[in-house]
Protein chains: 2
Amino acid sequence: MKLDEFDRQIMDMLQKNARITIKEMAAVLTLSATPIFERIKRLEKNGLIDKYVALLNADLLGYKMVAFVQISLSQHNLKEVTAFVDRITVFPEVMECYHTTGDSDFLLKILVKDMDQFNDFILNKLSNIENLGKVKTQFALSTRKRTTEIDL
Amino acid sequence: MKLDEFDRQIMDMLQKNARITIKEMAAVLTLSATPIFERIKRLEKNGLIDKYVALLNADLLGYKMVAFVQISLSQHNLKEVTAFVDRITVFPEVMECYHTTGDSDFLLKILVKDMDQFNDFILNKLSNIENLGKVKTQFALSTRKRTTEIDL
DNA sequence: TGTGAAATGAGGCTCAC
DNA sequence: GTGAGCCTCATTTCACA
């Protein structure tokens, strides 16, 4: 799909603030409401705009701990890898899961309330999955940047 | 701030779809529009709802590469750490930056279009920062899960 | 084919109870 | 917490370039 400068600006405004009104966008872009509306619908239809979400404050909700878990599997064929992914991604603690290059096979980003919940995740959820090799955890002392905004 | 089951359900619906209407929420919760509206405003005011954003499809925008960069600093005092954070977080390629435990000091999540852009980031942006120790990169072969939804 | 102006309807928001 | 009503904005229609 071909994108022009208007499309990019519309996406950029929406990814910074999904509650911006079409009128407000019209004031910035020199364009009236209708074409902006139609461009948004087109961007949604083509999947460039994936979804609109509210971002919650994890800290205020008691989620105080972010951990990165590097995992090596003992078997690396397609079937084993798929089985692992299917089992690990259902856990709500798993915010992100990447199949990676390097020493380990997978990198998980885990969000939990405290060490107790992390411990429970490792012992009662992760460890029940077969085919696990090495597991190495790294904790976040602090989050210094976290954005969903793509550079346009 | 005290949260009840209604608050949690409202946040959960909004973090899944920020475009849901108050009427639709009212149909699910057995509650009329006004109290839902007031609860949302209260959640926003207290910071539990941080912001509303559109999530864009990075792949369709040409951003094909996710990398994780582990960085050790050669100096670890507060001043040096802060200086590093201030310099690294301004780059749009840096989607996330965590100060971490473990072998390295920082973990960056980098989003770029291709290897050229990654190379440019490493050589012309990251490498210009003083105080760098070891840098170790891991690429994502594929993203198997990625969510902004917190378990409520 | 794509834009701007005007009409319509739905939903956010306020108020009295 | 409920229901009525205002009012803005999203959405549609249509004329025009």
Side-chain angles (χ1 to χ4, degrees), chain A residues 1-62 146-152, chain B residues 1-63 113 146-152:
Chain A
M1 178 182 165
K2 269 169 51 177
L3 300 172
D4 64 13
E5 195 49 38
F6 282 135
D7 293 318
R8 271 187 286 274
Q9 288 199 53
I10 289 167
M11 285 190 284
D12 199 37
M13 288 187 270
L14 285 172
Q15 75 171 343
K16 289 186 164 70
N17 173 22
R19 287 294 168 92
I20 190 174
T21 65
I22 293 181
K23 283 194 174 181
E24 290 172 308
M25 289 195 246
V28 177
L29 312 172
T30 23
L31 208 60
S32 68
T34 308
I36 295 178
F37 174 76
E38 283 167 352
R39 281 165 183 269
I40 293 172
K41 290 299 155 202
R42 183 165 139 268
L43 292 166
E44 291 171 356
K45 196 186 180 108
N46 285 288
L48 283 130
I49 296 175
D50 190 22
K51 58 198 300 211
Y52 299 92
V53 302
L55 299 180
L56 306 182
N57 186 317
D59 204 59
L60 290 180
L61 287 165
R146 167 159 162 66
T147 184
T148 55
E149 289 173 30
I150 296 172
D151 189 35
L152 294 175
Chain B
M1 178 179 165
K2 270 171 50 178
L3 300 171
D4 64 13
E5 196 49 38
F6 283 135
D7 293 318
R8 270 187 288 274
Q9 288 199 53
I10 289 168
M11 285 190 284
D12 198 37
M13 289 187 271
L14 285 171
Q15 75 171 340
K16 289 185 164 72
N17 173 22
R19 287 294 167 92
I20 189 173
T21 64
I22 293 181
K23 284 191 178 184
E24 289 172 307
M25 290 195 247
V28 177
L29 312 174
T30 18
L31 206 62
S32 66
T34 309
I36 295 179
F37 173 75
E38 283 167 352
R39 280 162 183 270
I40 293 173
K41 290 300 156 199
R42 184 165 139 268
L43 292 166
E44 291 171 354
K45 194 184 182 110
N46 285 289
L48 283 130
I49 296 175
D50 190 24
K51 57 198 301 209
Y52 299 93
V53 301
L55 298 180
L56 306 182
N57 186 315
D59 204 59
L60 291 178
L61 287 165
Y63 284 84
K113 298 195 172 188
R146 168 161 160 65
T147 184
T148 55
E149 288 173 29
I150 295 171
D151 188 36
L152 293 175

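Computed over heavy atoms, backbone and side chain alike; hydrogens, waters and symmetry mates excluded. In what follows, chains are A, B, ... by sequence order, proteins preceding strands, each numbered from 1.
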Nearest whole Å is fine: how far is [N] [atom2] from [X] [atom1]?
X	N	atom1	atom2	answer
A:M25	C:dG4	CE	C1'	17 Å
B:F6	D:dG1	CZ	P	7 Å
A:L31	C:dG4	CG	C1'	10 Å
B:I36	D:dG3	CD1	P	13 Å
A:I40	C:dT3	CD1	C1'	16 Å
B:R19	C:dA10	CZ	P	18 Å
B:R42	C:dG12	CZ	P	19 Å

Quick one: the side chain of B:T34 and the base of D:dG3, do they pair up donor-acceptor inside 3.5 Å? yes
Please tell me which of A:K23 and A:E38 maps to the more 5' nucleotide of DNA chain D, matching each residue to the nucleotide holding its nearest heavy atom. A:K23
Quick one: is C:dC13 close enough that its OP1 or OP2 comes under 4.0 Å of any side-chain N or O from B:K41? yes
Select one nucleotide: of [options], the one nearest the side-chain heavy atoms of [X].
X	options	result
A:F37	D:dT2, D:dA10, C:dT3	D:dA10
A:R39	D:dT11, D:dA4, C:dT3	C:dT3
B:I22	D:dA10, C:dG4, C:dG12	C:dG12
B:P35	D:dT2, C:dG12, C:dC13	D:dT2

NZ/NE/NH1/NH2 to OD/OE distance under 4.0 Å, B:E38 and B:K41: no
Quick check against the 3.5 Å criterion: does [X] have a side-chain atom that pairs as donor or acceptor with the backbone of [Y]?
X	Y	value
A:Y52	A:L14	no
A:R19	B:A18	yes
A:D4	A:F6	yes

For the CD atom of B:Q9 and the CD1 atom of B:I36, what is their distance to the nearest 0.5 Å? 10.0 Å
